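In what follows, every heavy atom counts, from backbone to side chain, and hydrogens, waters and symmetry copies are set aside. Quick caveat, the model's predicted, so the values are computed rather than measured. Start at 1 with the first residue, then count along the sequence.
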Amino acid sequence: MKTPFRLDDHPRRPQPPLASPPAGYFDQLPRQIMARVQPEAAHESVTWGWLATLSRPLRTALASVVVLGGFSTAFYLSQPATQTPNLPPATALAAVPEAALIDYLAVNNQLETEDLASLPLPDDNLMAYFLQASPQELEAALGPAPLDEAYY
């Protein structure tokens, strides 16, 4: 069992004597603290004092307008500098290269082979591009291989 520990049984170590404060220190201390704090409070009330005079709903509305203005400014400034003019669809489509159109049409799954057959093909062997298929694509298109044996 532990013996009880009592502070009264242990003598304190002697502490060095503290230096006494200068004469009139505590009389001048409140004035020194107020002189340091007062100019900041006065400066803050002058610059933001008009905001404190507004009613709470008006301050909330002002804050929402500032946030909305920030978002709209950021959106406006993030737009690209060079905008293409609004062209008719036929003119805009004529500006797209044919290779990019064929690549787009090849990726689009809603087209049939007759739609692709009506396109003019370039001189290079483009059909090899369309006929490349992985074994998984072939199995998905043709279905599983027929089996002669039945599973029991």
Side-chain angles (χ1 to χ4, degrees), residues 5 7 10 12-147 151:
F5 183 81
L7 286 176
H10 301 282
R12 291 181 65 184
R13 284 185 270 172
Q15 297 290 329
L18 297 175
S20 61
Y25 174 75
F26 290 107
D27 295 334
Q28 296 173 358
L29 185 62
R31 276 183 262 139
Q32 289 175 350
I33 293 174
M34 290 302 289
R36 289 181 184 172
V37 173
Q38 196 67 23
E40 293 177 5
H43 178 66
E44 184 178 333
S45 65
V46 170
T47 54
W48 296 102
W50 64 272
L51 191 59
T53 60
L54 297 177
S55 66
R56 186 170 285 212
L58 197 55
R59 281 185 281 177
T60 305
L62 181 64
S64 351
V65 165
V66 167
V67 169
L68 182 63
F71 279 125
S72 60
T73 303
F75 177 75
Y76 177 74
L77 293 177
S78 68
Q79 295 298 317
T82 56
Q83 297 266 341
T84 57
N86 292 338
L87 299 174
T91 309
L93 192 58
V96 178
E98 285 188 22
L101 287 175
I102 291 174
D103 287 340
Y104 172 76
L105 293 174
V107 172
N108 195 349
N109 293 335
Q110 298 174 352
L111 296 175
E112 297 180 5
T113 54
E114 294 134 8
D115 296 330
L116 293 175
S118 64
L119 291 173
L121 296 176
D123 293 336
D124 60 344
N125 190 5
L126 193 59
M127 291 306 290
Y129 173 77
F130 291 117
L131 295 179
Q132 291 177 353
S134 67
Q136 293 84 10
E137 290 174 345
L138 289 175
E139 186 176 347
L142 299 175
L147 296 176
Y151 289 104

Does Leu7 CG have over 12 foreign heavy atoms under 6.0 Å away?
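Open: at most 12 neighbouring heavy atoms sit under 6.0 Å from CG of Leu7.
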
Go through the structure and list residues passing side-chain contact (heavy atoms from CB on, under 4.5 Å) with [X], not counting sequence neighbours.
| X | answer |
| --- | --- |
| Val65 | none |
| Leu51 | Trp48, Leu54, Arg59, Leu62 |
| Leu68 | none |

For Gly69 and Ser72, work out which heavy atoms get closest and say how close.
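Result for this residue pair: O-OG, 3.0 Å.
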
Smallest separation among heavy atoms of Thr53 and Trp50, with atom names:
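Smallest heavy-atom distance, with atoms named: OG1-O, 2.6 Å.
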
